[in-house]
Amino acid sequence: MQLTASYDTSFQPELLERYRFAEVRNAAAILSAVAPSCRRDLDDVLAGFELTAAHLLDAGGNKSQVARELDLAFRELGWRETGLVLDIVGALTSHPWGGSEAQVETAKFPGETHKIDNFRDRVAVEVEWNAKDGNLDRDLAAFRAMYDAGFVDAAVVITRHHASTRHAANYLARHFGLVKPTERFTTTTTTNLERLTWRLGRGDAGGCPVLAVAISQQTYTPGLLSRPSGLEHEVRQPVIPVLDPEAERLLEAETMGVQLDLFDDQ
């Protein structure tokens, strides 16, 4: 499946600088055309979100603080959790020779998707900050089913860029002198842009236009007050050095299980 890039001309430069994007079937352009109010909501939520040291360093449990904040922002704009129940009935009709009455055999195939985090006006939005990698399969399967049934025009997944958020978390951990605060980012089999883009490229979303938006190092704002676990008081967030492009390439390759030269992001 060929990836598209309508987001380059659809989003404001400020958002393009703060987030990473990927898409199939010109999802950003479709959102703007068929659901402009939903696109405005998405822009407002992304513009209002600020990545902090606490987001990067604190363990999230079943629902991370990042996901809770973003879901709440959508709920306050009228978006709601939504699921699809779709029962399919099949009928096998046999026509006997000689004009006898046809015999019909039916079977019912119940189907149900998991609940989408946020849904409004035929647009679905899932937030996957650092959950199990299999959540991406579940999300794309739900988008595909809802699109094929005619309930969804486009979908969005908000996730994170693994390479740059890992770099940022490790730098902050060293800066604040914390011990083992970033173990969850050493695991690559979690929800992230790199693994989502691969799934989109192999066509897992079917015909559904899907936009991927990734929180990255550029979403982080130096100078904000934040209080990561392990610190007794709030601290101001330091400037994080930009991750070298070659180092980022190696981390992205590691995320996808590609064997390249070992890299230690010191």
Side-chain angles (χ1 to χ4, degrees), residues 7 11 15 18-23 27-28 31 35-85 112-147 151-162 165 169 184-185 190-193 195-196 199 205 208-216 219-221 224 226-229:
Y7 50 82
F11 282 94
L15 292 180
R18 296 185 64 221
Y19 295 89
R20 306 287 183 96
F21 295 85
E23 69 174 14
L31 280 170
S37 64
C38 292
R39 254 305 307 269
R40 287 193 294 271
D41 285 353
L42 176 62
D43 289 2
D44 289 345
V45 170
L46 294 177
F49 177 75
E50 293 177 319
L51 183 65
T52 69
H55 290 142
L56 289 166
L57 298 178
D58 293 352
N62 292 331
K63 190 75 169 179
S64 74
Q65 185 62 29
V66 170
R68 283 193 293 267
E69 289 180 16
L70 290 171
D71 282 340
L72 178 60
F74 280 107
R75 299 294 168 79
E76 290 177 343
L77 292 171
W79 296 64
R80 296 293 179 263
E81 187 178 61
T82 303
L84 171 68
V85 176
E112 182 176 358
T113 70
H114 84 286
K115 291 183 178 179
I116 300 297
D117 287 339
N118 304 287
F119 181 88
R120 187 170 81 81
D121 295 344
R122 301 176 60 83
V123 174
V125 176
E126 281 280 12
V127 180
E128 299 288 6
W129 166 247
N130 192 44
K132 294 180 180 179
D133 182 49
N135 281 18
L136 298 175
D137 298 316
R138 181 197 67 178
D139 295 340
L140 295 179
F143 295 158
R144 185 170 188 164
M146 296 178 79
Y147 179 82
F151 289 104
V152 161
D153 293 323
V156 180
V157 179
I158 301 175
T159 184
R160 67 181 181 87
H161 183 248
H162 181 79
T165 53
R184 60 198 177 111
F185 286 165
T190 55
T191 52
N192 57 63
L193 180 67
R195 300 187 74 85
L196 175 57
R199 285 170 165 84
C208 183
V210 176
L211 171 68
V213 182
I215 296 165
S216 71
T219 318
Y220 168 91
T221 305
L224 287 178
S226 183
R227 184 183 175 183
S229 296

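Along the sequence shown, the residues carry numbers beginning at 1.
- The cationic atom of Arg39 (NZ for Lys, CZ for Arg) lies less than 6.0 Å from the six-membered ring centre of Phe11 and within 45° of the ring axis.
- The shortest side-chain heavy-atom distance between Val157 and Phe143 falls under the 4.5 Å cut-off.
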Candidate pair Glu126 and Val210, rule side chain to side chain contact (heavy atoms under 4.5 Å, CB included), full reasoning: CA-CA 11 Å; Glu126 281 280 12; Val210 176; over 6 Å; no

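- The distance from the CZ atom of Arg120 to the OG atom of Ser37 is 4.0 Å, given to the nearest 0.5 Å.
- You'll find the side chain of Leu211 reaches within 4.5 Å of the side chain of Leu42, heavy atoms only.
- To the nearest 0.5 Å, atom CZ of residue Arg227 and atom OG1 of residue Thr52 are 13.0 Å apart.
- The minimum heavy-atom distance between Leu196 and Ala212, with the atom names listed, is CD2-CB, 3.5 Å.
- Checked by atom type and distance alone, the side chain of Thr219 pairs as donor or acceptor with a backbone atom of Arg18 at under 3.5 Å.
- Counting heavy atoms from C-beta outward, Met146 and Ile116 have side chains that approach closer than 4.5 Å.
- Under the 4.5 Å side-chain criterion, counting only non-hydrogen atoms from C-beta, Arg199 is in contact with Asp133.
- By the side-chain contact (heavy atoms from CB on, under 4.5 Å) test, Arg75 pairs with Arg80, Glu81, Asn118, sequence neighbours left out.
- Side-chain atoms of Ser229 never come within 3.5 Å of backbone atoms of Asp58 as a donor-acceptor pair (strictly under, hydrogens ignored).
- Put simply, CH2 on Trp129 and CD1 on Ile158 are 12.0 Å apart, with the number rounded to the nearest 0.5 Å.
- Between Ala35 and Val123, the shortest heavy-atom distance links the atoms CB-CG2, 3.6 Å.
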Residues Arg138, Glu128; criterion side chain to side chain contact (heavy atoms under 4.5 Å, CB included); working and verdict: CA-CA 11 Å; Arg138 181 197 67 178; Glu128 299 288 6; 3.3 Å; yes

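- Ile215 places a side-chain heavy atom less than 4.5 Å from the side chain of Phe49.
- Not a single donor-acceptor pair under 3.5 Å links the side chain of Glu50 to the backbone N or O of Thr221.
- The side-chain contact (heavy atoms from CB on, under 4.5 Å) check on Leu72 picks up Glu76, with sequence neighbours excluded.
- Under the side-chain contact (heavy atoms from CB on, under 4.5 Å) criterion, Ala154 pairs with Ile30, Leu31, Pro209, not counting sequence neighbours.
- A pairwise comparison of heavy atoms in Tyr147 and Asp153 identifies CE1-O, 4.0 Å as the closest pair.
- Proximity of Thr165 to Tyr220: side-chain heavy atoms (C-beta onward) are nowhere separated by under 4.5 Å.
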Asn192 and Leu136: CA distance, side-chain angles, deciding distance, side chain to side chain contact (heavy atoms under 4.5 Å, CB included) verdict: CA-CA 9 Å; Asn192 57 63; Leu136 298 175; over 6 Å; no

Tyr7 and Leu15: CA distance, side-chain angles, deciding distance, side chain to side chain contact (heavy atoms under 4.5 Å, CB included) verdict: CA-CA 10 Å; Tyr7 50 82; Leu15 292 180; over 6 Å; no

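- A side-chain contact (heavy atoms from CB on, under 4.5 Å) with Arg160 holds for exactly one of Asn130, Leu193, Val213, Thr191; it is Asn130.
- Tyr19 places a side-chain N or O within donor-acceptor distance of the main-chain N or O of Leu46, the cut-off being under 3.5 Å.
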